[in-house]
Amino acid sequence: MGKPNEISESGNILLRTALFKQVSPDQANELLPALRRAIFDKNDFIFREGGRDQRMFLLESGRVKLVHSSSDDRVQLLSIHSYGEVLGEIPVFDPNGGPRTASAVAMKNHTVVVWLEHDALFSWLEEYPQVAVDMLQVLANRMRANNERISDLVFMDVPARLAKTLLDLGSRFGEPVEAGLKVPHDLTQEELAQLVGSSRETVNKALMDFSNRGWIAREGRSIIIYQPGMLIRRSRR
């Protein structure tokens with residue numbers, strides 16, 4: 001991990017995260033001495049699966065993917081995270097600390113994260129217990145999203161899951177262009193298939209079908225969404 005730097009009050013990332021959305025500037029600034037910053041290049045590991053540290057990470061800039069490896073070295077892309085999102089919070093709230101269930105990997109050069117140790121966070125929460133309730137709500141929402149993903153894998157076919165994935169990526173990373181919504185996902189074909197939960201061949205077939213229908217266009221590691229309404233309809237079938 002890179003050498004940590006102190007965080008200035010004007011750049012307190014806590015105020016820009018859902019986990020701390022009810023925290024006042026004065027309360028958040030009390031955590032500044034405990035926050036540390038680190039910078040990573042593309043493909044660097046921020047933390048590794050199996051680790052037993054109890055640090056919580058906040059993404060200040062760049063993009064990070066969470067991946068899980070099987071015993072035979074197959075890799076599954078679990079999720080993508082961007083500016084202002086929290087990473088690796090589970091071990092922080094686990095009294096036994098870890099092990100981490102996934103690895104966090106930087107997707108862009110100069111990806112910046114700040115991190116906070118378990119002891120510093122819990123000392124602060126003792127002073128502001130109401131914040132813990134807000135944190136539980138955020139964690140519950142994340143659990144709900146995970147349950148929805150499991151349900152999608154069971155009940156939705158691949159084109160429906162792909163349509164839903166493209167809409168999600170578009171809502172989070174989309175850039176309006178004259179033709180529609182450009183979604184620079186920065187994923188290989190294999191990673192996109194992992195995110196959908198299917199094989200590369202099946203996802204490519206669905207992408208080609210969407211393209212032939214005029215709903216989307218593929219442009220390198222970006223997708224342009226022409227007809228989001230049709231993707232919404234397909235995701236509900």
Side-chain angles (χ1 to χ4, degrees), residues 1-2 19 36 38-118 138-139 141-156 158 161-162 164-166 168-169 172-173 183-207 221 223:
M1 181 171 295
L19 206 57
R36 296 294 181 266
I39 301 174
F40 299 87
D41 287 329
K42 185 176 181 179
N43 295 324
D44 283 349
F45 282 83
I46 297 168
F47 56 80
R48 291 180 181 270
E49 184 175 351
R52 305 197 71 90
D53 66 283
Q54 288 185 287
R55 293 174 177 172
M56 183 172 69
F57 297 81
L58 308 171
L59 183 52
E60 185 172 315
S61 66
R63 199 170 295 175
V64 172
K65 59 184 177 183
L66 292 184
V67 298
H68 171 70
S69 299
S70 65
S71 58
D72 58 358
D73 294 327
R74 288 180 297 170
V75 177
Q76 176 67 47
L77 175 60
L78 301 176
S79 57
I80 299 173
H81 299 268
S82 61
Y83 165 85
E85 295 190 39
V86 177
L87 303 169
E89 73 280 2
I90 293 177
V92 177
F93 296 97
D94 184 345
N96 297 316
R100 292 196 177 276
T101 57
S103 297
V105 183
M107 298 178 67
K108 294 178 175 291
N109 287 328
H110 204 80
T111 291
V112 182
V113 300
V114 298
W115 49 270
L116 184 67
E117 293 281 3
H118 166 277
V138 173
L139 295 177
N141 288 336
R142 184 163 294 185
M143 184 178 295
R144 183 180 295 110
N146 288 337
N147 288 341
E148 182 178 345
R149 176 178 170 83
I150 293 171
S151 177
D152 290 347
L153 289 171
V154 174
F155 296 113
M156 297 172 68
V158 172
R161 297 204 303 270
L162 174 61
K164 188 172 182 178
T165 298
L166 295 180
D168 176 63
L169 292 173
R172 298 172 65 200
F173 310 122
V183 186
H185 53 73
D186 299 316
L187 300 173
T188 65
Q189 293 182 351
E190 184 66 30
E191 287 174 328
L192 181 59
Q194 291 172 4
L195 196 59
V196 173
S198 184
S199 68
R200 184 176 63 181
E201 293 76 15
T202 303
V203 169
N204 279 340
K205 182 178 178 181
L207 282 171
R221 291 193 179 183
I223 289 176

Rounded at 0.5 Å granularity, tell me how far [atom1] in [X] sits from [atom2] in [Y].
X	Y	atom1	atom2	answer
T111	L59	OG1	CG	7.0 Å
D168	S79	CG	OG	10.0 Å
K205	E201	NZ	CD	11.5 Å
D53	H118	CG	NE2	12.0 Å
Q54	R100	CD	CZ	9.0 Å
K65	L87	NZ	CG	14.0 Å

What do the steps show when you test R55 against R36 for side chain to side chain contact (heavy atoms under 4.5 Å, CB included), and what is the final call? CA-CA 11 Å; R55 293 174 177 172; R36 296 294 181 266; over 6 Å; no

Step by step, would you call L187 with R221 a side chain to side chain contact (heavy atoms under 4.5 Å, CB included)?
-> CA-CA 6 Å; L187 300 173; R221 291 193 179 183; 5.9 Å; no

Compare all side-chain heavy atoms of [X] with those of [Y] and state whether any distance is below 4.5 angstrom.
X	Y	value
F57	V92	no
L162	T202	no
L169	I223	no
V196	V158	yes

field: Any residue meeting ring-ring contact (aromatic ring centres under 6.0 Å, His included) with F173, in chain and number order, not counting sequence neighbours
entry: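 F173: no ring-ring contact (aromatic ring centres under 6.0 Å, His included) contacts found.
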
Point to revise | ring-ring contact (aromatic ring centres under 6.0 Å, His included) involving H81 - partner list, sequence neighbours excluded | key: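 Listed in chain order: nothing, the list is empty.
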
Is there a donor-acceptor pair closer than 3.5 Å between any side-chain N or O of [X] and the backbone N or O of [Y]?
X	Y	value
R161	M156	yes
Q189	N204	no
S151	N147	no

Determine which pairs satisfy side chain to side chain donor-acceptor pair (under 3.5 Å) with at least one residue from residues 39-50, sequence neighbours left out, and list them in order.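 Counting only pairs at least two positions apart or across chains, the side chain to side chain donor-acceptor pair (under 3.5 Å) contacts touching residues 39-50 are E49-H68.
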
Check your understanding: Who passes side chain to side chain donor-acceptor pair (under 3.5 Å) against R172, sequence neighbours left out?
Key ->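 R172 satisfies side chain to side chain donor-acceptor pair (under 3.5 Å) with E85 only.
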
Sequence neighbours left out, what passes side chain to side chain donor-acceptor pair (under 3.5 Å) with S61? Give chain and number order.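 By the side chain to side chain donor-acceptor pair (under 3.5 Å) rule, S61 matches no residue at all.
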
Could you pull out the closest heavy-atom pair between [X] and [Y], with the gap in Å?
X	Y	value
L139	E89	CD2-CG, 3.4 Å
L195	Q76	N-NE2, 4.4 Å
D186	E191	O-OE1, 4.2 Å
A38	W115	CB-NE1, 4.3 Å

Is it true that the side chains of N141 and R144 contain a donor and an acceptor less than 3.5 Å apart?
->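 Yes.
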
- prompt: T101: what forms a side-chain contact (heavy atoms from CB on, under 4.5 Å) with it, not counting sequence neighbours?
  reply: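 With sequence neighbours excluded, T101 shows a side-chain contact (heavy atoms from CB on, under 4.5 Å) to no residue whatsoever.
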
